[in-house]
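Okay, so here's the structure we're looking at.
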Amino acid sequence: ADIGGSVSWIRENQNAKQVEAEIPSVSGIWRRVQDVLGFLQVGCNARKILEPMTIHPGFAKAIRNAWKLLKPRDNLTVTEWADRKRFIRRGKYYSSTAPYQQEPMRCATDRTVGEIVLITAAQMGKTTVVENVVGFSIDHDPKLILVVQPTLDAAKSWSMDRLKTMAKDSFPDRFDKARSRDSRNTMTFMSFPGGDLAVVGSNAPAGLASRDRNLVILDETCRYEDSAGAEGDIEQLAIKRTESHPDALVVRTSTPTVSRRILSPDGQPVILPSRIFRAFNDTDKRLWFCKCPKCGFDQTLKWANVKWE
């Protein structure tokens, strides 16, 4: 678009006196425009032709911006992106320090995966996984992102304490562009090149209206309200936002809560699993296996196997 605008500007103003004053030879510049476009089409390095040229500074900037867009990005997974670019408060992030985080992040770039359900104990890095998926989808593979937190206050807190801190530490240039690019940017909405991100609370379903998304993250689902009133279930409302995107990804995460005993319509007691377990039961139910420190046997951790000395 920048190239097209510059070309149109040159064409429309070829005979204008003010252009002749600013650019010594319009016809010469036009020939250089055609040369540059030819170089871009065959994928050559635009700098080789731009450096020896004396052209209008605005046009040179447009060419450089266009070249950045045309340059193919590296084919990274979320894990690889995080290992390259992610910084946390303690310093550089390394997924190898928490290897159980790697599989969910790899699944986030697997085109055969449409939904990820992540159940973890408290303080096990679940939020870090969410942040890495969001950061990757802002900085490397831009998407239309929706993050649903249990409450609107929690949504604002996550945006201020987590999202913006991650953005400043891990991709500050991208964050600065996003902050200044759109006057609509607020505490719970951020527009960036190629996409945008909205953060809403499960107790404020109006924030979901008219937002088509191809990445929906439902965080701490066990703390959601049972219903959004007349709007219906908040999880289903959020997932509906992805219907126009066949390649959309839904990520559900939560520290689990206990199942509840409720009464069925006929008055019989029924055990209702927590939200996250109901979602987990619809997946392929992958578990984290860790090696026994003595024999090396791969096993899942169970309280029954914990022995106190």
Side-chain angles (χ1 to χ4, degrees), residues 68-69 71-111 113 116-147 149 154-181 185 187-188 190-199 215-220 249 251-255 286-291 293 296 298 301:
K68 290 179 182 179
L69 294 175
K71 182 181 178 181
R73 64 176 184 265
D74 294 336
N75 188 20
L76 300 177
T77 65
V78 176
T79 305
E80 292 167 338
W81 174 87
D83 283 334
R84 283 190 186 186
K85 302 199 65 173
R86 184 71 203 279
F87 285 85
I88 54 180
R89 292 177 181 177
R90 297 187 299 274
K92 183 72 177 69
Y93 171 85
Y94 295 101
S95 61
S96 58
T97 61
Y100 52 84
Q101 297 177 359
Q102 294 177 347
E103 178 73 7
M105 292 192 293
R106 278 196 296 267
C107 289
T109 48
D110 185 340
R111 298 303 182 186
V113 175
I116 299 170
V117 179
L118 184 59
I119 304 176
T120 73
Q123 300 301 314
M124 292 295 290
K126 168 180 54 62
T127 302
T128 300
V129 173
V130 169
E131 292 168 2
N132 288 344
V133 173
V134 170
F136 174 87
S137 302
I138 294 174
D139 180 60
H140 187 73
D141 186 14
K143 289 183 172 61
L144 302 171
I145 310 168
L146 173 66
V147 177
Q149 295 289 340
K156 293 179 179 179
S157 177
W158 181 85
S159 177
M160 290 296 296
D161 299 339
R162 297 283 191 167
L163 173 63
K164 294 188 176 180
T165 298
M166 173 187 64
K168 290 178 182 177
D169 292 342
S170 302
F171 41 94
D173 294 341
R174 193 80 167 177
F175 178 75
D176 290 341
K177 290 178 183 177
R179 182 170 54 186
S180 61
R181 181 174 182 264
N185 290 340
M187 187 181 299
T188 57
M190 182 173 72
S191 176
F192 50 85
D196 62 53
L197 181 147
V199 189
L215 174 60
V216 170
I217 296 178
L218 305 168
D219 196 18
E220 292 293 355
L249 175 67
V251 180
R252 306 189 206 216
T253 76
S254 190
T255 300
R286 303 182 191 184
L287 301 174
W288 166 250
F289 284 77
C290 60
K291 291 184 180 296
D298 286 326
L301 295 178

Any idea which heavy atoms bring [X] and [Y] closest together, and the distance?
| X | Y | value |
| --- | --- | --- |
| Leu118 | Pro104 | CD1-CG, 3.8 Å |
| Ala108 | Val133 | CB-CG2, 4.1 Å |
| Met160 | Thr165 | O-OG1, 3.8 Å |
| Phe192 | Pro142 | CE1-CB, 4.0 Å |
| Gly195 | Leu144 | CA-CD2, 4.0 Å |

Open item on the list: Can you confirm whether more than 12 heavy atoms, excluding those of Asn75, are under 6.0 Å from its CG atom?
Closed with: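 Incorrect, the count does not exceed 12.
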- [ ] Decide if atom CZ of Arg162 counts as having more than 12 heavy atoms of other residues, nucleotides or ligands within a radius under 6.0 Å.
- [x]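 Counting neighbours around CZ of Arg162, 12 or fewer heavy atoms of other residues, nucleotides or ligands fall under 6.0 Å, so no.
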At what distance, to the nearest 0.5 angstrom, does [atom1] of [X] lie from [atom2] of [Y]?
| X | Y | atom1 | atom2 | answer |
| --- | --- | --- | --- | --- |
| Ser170 | Arg86 | OG | CZ | 5.0 Å |
| Ile217 | Gln149 | CD1 | CD | 9.5 Å |
| Met105 | Asp110 | CE | CG | 14.5 Å |
| Asp169 | Lys92 | CG | NZ | 11.5 Å |
| Glu103 | Trp288 | CD | CH2 | 9.5 Å |
| Gln101 | Thr79 | CD | OG1 | 9.0 Å |

Open item on the list: Pair Cys107, Arg286 - check side chain to side chain contact (heavy atoms under 4.5 Å, CB included), show working.
Closed with: CA-CA 12 Å; Cys107 289; Arg286 303 182 191 184; 3.5 Å; yes
Contact check, side chains of [X] and [Y], non-hydrogen atoms, under 4.5 Å:
| X | Y | value |
| --- | --- | --- |
| Val134 | Leu197 | yes |
| Asp219 | Lys126 | yes |
| Ile138 | Leu163 | yes |

Task: Verdict with reasoning, Tyr93 to Glu131, per side-chain hydrogen bond (donor to acceptor under 3.5 Å, both in side chains) - done: CA-CA 12 Å; Tyr93 171 85; Glu131 292 168 2; over 6 Å; no
Open item on the list: My understanding is that only residues two or more places apart in sequence, or in another chain, count here; which of them pass side-chain hydrogen bond (donor to acceptor under 3.5 Å, both in side chains) with Trp81?
Closed with: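 In terms of side-chain hydrogen bond (donor to acceptor under 3.5 Å, both in side chains), with neighbours along the sequence ignored, Trp81 is linked to Asp139.
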Task: Working for side chain to side chain contact (heavy atoms under 4.5 Å, CB included), residues Thr188 and Lys156 - done: CA-CA 6 Å; Thr188 57; Lys156 293 179 179 179; 3.8 Å; yes
- [ ] May I ask you to check whether Ser95 and Gln102 show a side-chain donor-acceptor distance below 3.5 Å?
- [x]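 Short answer, yes.
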Task: Candidate pair Met190 and Val199, rule side chain to side chain contact (heavy atoms under 4.5 Å, CB included), full reasoning - done: CA-CA 9 Å; Met190 182 173 72; Val199 189; over 6 Å; no
Task: Polar side-chain atom of Thr109 near backbone of Arg106 as donor-acceptor pair, under 3.5 Å - done: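 It does hold such a pair.
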- [ ] Starting from the C-alpha separation in whole Å, work towards a yes-or-no answer on side chain to side chain contact (heavy atoms under 4.5 Å, CB included) for Phe136 and Leu215.
- [x] CA-CA 11 Å; Phe136 174 87; Leu215 174 60; over 6 Å; no
